[in-house]
Structures are given as structure tokens and as C-alpha cells.
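Worksheet: the structure to be examined is printed underneath.
Letters go in sequence order (proteins before strands), and every chain restarts at 1.
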Amino acid sequence: MRAQASASGVASARSRGLVRCEHCGLVSRIDTEEHCPRCRLAVHSRKPQSLQRTTAWLVVAVVLYIPANVLPVMGTSSVLGESKHTLLGGIVELWETGSWELSLIVFIASIAVPIVKIGALALLAATAAARSRWRQVERARLYRLVETVGYWSMLDVFVVVLLVGMVSFGAFASVTPEDGLLAFGAVVIATMLAASSFDARLIWPD
Amino acid sequence: MREVGAESFPSLVVCAECDAVYARRPLASDEVARCPRCGALLGRGHRLGIDGQLALAVAALIVFAIGNLSALVTLDFRGRETVLTLPEAIAATWQTGEQLVALLALATAIVFPLAVIALRLWLLAPIAFDRRPPAFVPALHALAWVTRWSMAEVFLLGALIAIVRSAGLAEINVGIGLAAYALLTVLLTAEMLTGLHGLWRRAGERPA
């Protein structure tokens, strides 16, 4: 069901001198209150320096994406010898051993999702900086998609942790996580922080 | 309900994603309100009262304990059977030297989900007995933050992938712990869907 609203001219809270506390949701008057009357934290009409912080985290994510893909994420050693896998190498190996559904899942979560997230956030930040009114509803949906899907990229970290655990108890092989996995985890965190720094209200300039 | 402060407007709701202002109206238990302009979620009707939410939290705590203390998987390799719990998998990762990775997994799969459950109990139990939770506002802030960074469901899918990936190397059986984590995911999602607005409203009320 839709909330009641006037069909035309939906006024923004900021233009009415109101602000919504981002923590507890209470609506209060901005010019007399700097802190939310209910939860006491600072209220902001727009997240301070949102675009700068989003861009900074995106740069961090892109920079870390390089070692995340170049360095190995996992190493195995057995009586047959040692080998180390990069992200892509592991995906290829899954594909070649026949588990193409797994290969696809890991590819989507570890390669596609982070790239799409970074690209989407860059687009959102750039259009917001230009105060564009191009396709606002679609951009709002894109932002929601990024927020929802973002943390699923942490998948690979858990896969490796479990594999390490499982084989450490067996005598047949050992699995070790490698530095690439840490870089990858950092990329996921950086993109999550970039998304939470972005103020979606900037899609709707007054 | 009493006014929180002279300059607040509890009768208004503002879209968190596009700043549009609307009049608040009560929702039936199956209704979901979305912003007409940008489609963002404005609120949901409540299906569960405090008692129901408290029951969910207690159930989640039990399931969480089972999930962490019971075997995620049992491995059978050449007659040797070994069981693996989640804390053991993380400890094994720590011992390989990649301690930050182990910490990351520990935080997002164990500590933060536990914090979500513990904070919910901290808040809901006093309210169910008509008392005000201690440190109500800081606890709510902590709950909102921790809910964001809890990744039990991602861990679950990762565990399933790891199992399928090793299926060729040894005989692997899914343990009770993994089933418990699957159930935990469902319970945590149900808890999250109840939202925090009702709790924030109570926090703003002066104690009787």
C-alpha cells in the first residue's frame, strides 16, 4: 500500500526546514536543533562530505582490488605438491572440474558483484555531484540494489575459512589462506563503507 | 504518546532515501508502505508484538549456541572420522598465520550475530516486563550498527559451497551445526523485519 502523499510537488524535508534523524528516524526542526531530541546524536540535513567520503572509499576499493586478484587467495599442499590459487584461478578450476554452478556463484559473488558495485557507486556519486535529474527513480533503485547485495561478496572469505578447517583435520592435504584473501575482504568492506557514506538524498536535488 | 521535544514531529515520516515528507498513518499487519516518489521502504505493519519478538530472540540464542557448539560437518576419510565446528575452523585459519582473515570471519559470522541476539534480549526482556531497558538509547544504536555488519547468511552459503567443493576428497556429511545456522538465518531475518521504529518510539517516551 502507498503512503498518503500529494501527487505533485513532493517537498523535501530540507526545503521545509525539517530533518530526519538517520539513526532513529525522528523528524525534527533543523534550525533549532543540532542533535536529535530523542537519540541525542547529531542530525544532518545531508550526510557531511558524503561524495568525498564515497569517492575516497571507492579509490581504496579499486586500489585493493588489484592485489585481491593478483595475489593468491588460497594455497593447497598435498603429497602431489603445492599450489596456490588466485580468485580467477579458483573459479577456472571449479569450472574445469565440472562444478560449473559453483564456479558461476563464486564468479558472481567475487568478481562481478564488486565490479558492478564500484561502477554503480561511481555513477551515483558522479550524477549526484552534477546535481543531475536523469532517471532519478532508476538511480534510487540502483542504490538500493547496491546496499542489499553488497555484503554477499564476503562469500569467498567464508568458503576458504571452512576449507581450511575441513582439511586441517584430515591427513590428506592442507589448505592455507593467502594474502589475496585479506585484500579481497578489505575490498568488500571498502565498498560497503562507500555505499553507506553515499547519501541517497543527493539523487533528488532540491 | 507523549511529545519527545518541542520541535519534533512524530506525526510525520520522511523518506530516508529521497527526503520527501509524508503524514504518518498506522499500518495493518500485512501492509508495507513505500515512498511513492522513489520506492524506498517507509515502514511495515507489525505482525509480532514484543512477546513474539522476545520469543524469536530466545529461540535465536538457543539455535546460535547449537550452531557454534555442534558439528558443521563430519568428515570421513579412510576410516577416520572427524568433526568440525565453526570456532574450530576459525581457529585453524588463525593458526595458518592469516589472523586478520580469521578475525574477519569471527566477527561477521559469530560475534556480530551474537551481539544482535544479545542486544535484542537486553532491550526486549525489560520491555516485556514493563520496565525501561538500561542504556536504552546506546543499546539501540549498537543494535542498528551490529545488525548491519552481521553476515550469518553469507557464512551459510560459503559453508555450503566449501562442502560441495570438497565432496570429492572425502565423505562429508552435513552436521547439526549447519542446519542450526540455516535456521538462525531465518530467525535473524524475521527479527530484522520487525524493524526498530517501535523500540525507538518507546525510547523517546518518558518513563511512567
Side-chain angles (χ1 to χ4, degrees), chain A residues 1-5 10-14 16 18 20 22-29 32-33 37-41 94 99 102 105-106 136-137 140-141 143-144 151-152 154-159 161-173 176-178 181-182 185 200-201 203-204, chain B residues 4-5 7-10 12-14 16-23 25 31-40 42 73 75 77 80 82 84 88-90 92-93 96 98 100-102 104-105 108-109 137 140-141 144 151 154-155 157-159 161-162 164-166 169-170 197 200 203-204:
Chain A
M1 298 209 48
R2 302 288 188 175
Q4 301 295 326
V10 178
S12 74
R14 181 160 81 166
R16 290 205 201 171
L18 299 171
R20 174 191 182 276
E22 70 175 287
H23 305 284
C24 76
L26 185 68
V27 181
S28 53
R29 191 164 292 288
T32 57
E33 291 287 333
R38 179 158 69 184
C39 72
R40 315 281 163 70
L41 291 191
L94 274 174
S99 335
L102 274 196
I105 290 176
V106 178
Q136 287 168 305
V137 175
R141 282 198 205 122
Y143 170 73
R144 273 196 291 281
Y151 72 161
W152 283 97
M154 204 59 96
L155 195 60
D156 238 32
V157 172
F158 291 116
V159 171
V161 167
L162 256 288
L163 285 176
V164 168
M166 283 196 285
V167 298
S168 77
F169 281 72
F172 51 92
T176 52
E178 299 289 331
L181 191 67
L182 186 62
R201 293 170 293 195
I203 300 173
W204 306 88
Chain B
V4 175
E7 294 289 70
S8 67
F9 302 87
L12 293 180
V13 59
V14 169
E17 290 178 25
C18 78
D19 219 28
V21 184
Y22 303 109
R25 73 167 185 84
E31 284 184 315
V32 175
R34 290 202 179 273
C35 173
R37 180 162 76 158
C38 77
L42 292 174
V73 290
L75 298 142
F77 182 70
R80 263 186 61 190
T82 45
L84 179 71
E88 284 168 347
I90 292 179
T93 306
T96 65
E98 286 284 351
L100 287 175
V101 173
L104 182 62
T108 55
V137 169
L140 263 175
H141 281 306
M151 298 188 195
V154 183
F155 156 70
L157 184 58
I161 291 177
V164 174
R165 213 165 150 178
S166 327
L169 296 169
H197 171 71
W200 275 118

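One N or O on the side chain of A:Q136 and one on the backbone of A:I203 form a donor-acceptor pair closer than 3.5 Å. The closest donor-acceptor contact from the side chain of A:R20 to the backbone of A:L26 lies at 3.5 Å or more, if one exists at all.
Summarising the geometry of B:L104 relative to A:M154, their closest heavy-atom pair is CD2-SD, 3.9 Å, with the distance given to 0.1 Å.
In this structure, chain A has heavy atoms under 4.5 Å from both the backbone and the side chain of B:V14. Interface remark: A:R16 contributes side-chain atoms only to the contact with chain B (heavy atom separation under 4.5 Å). Both the backbone and the side chain of A:V161 come within less than 4.5 Å of a heavy atom of chain B.
For the set B:A20, B:A16, B:A40, B:A105, the count of heavy-atom pairs under 4.5 angstrom toward chain A peaks at B:A16. Considering only heavy-atom pairs separated by less than 4.5 Å from chain A, the leading option among B:V137, B:T96, B:I90 is B:T96. Among the candidates B:V73, B:L157, B:V164, the residue making the largest number of heavy-atom pairs closer than 4.5 Å to chain A is B:L157. Ranked by heavy-atom pairs under 4.5 Å with chain B, the first of A:P177, A:G185, A:A140 is A:P177. Between chain B and the options A:V106, A:V157, A:L181, A:L163, the largest number of non-hydrogen pairs under 4.5 Å is found for A:L163.
Proximity of B:W200 to B:L140: side-chain heavy atoms (C-beta onward) are separated by under 4.5 Å at one or more points. Within the 4.5 Å cutoff, no side-chain heavy atoms of A:T176 are placed close to those of A:V164.
A salt bridge is defined here as a Lys NZ or Arg NE, NH1 or NH2 lying under 4.0 Å from an Asp or Glu carboxylate O, and A:R144 with B:E17 meets this definition.
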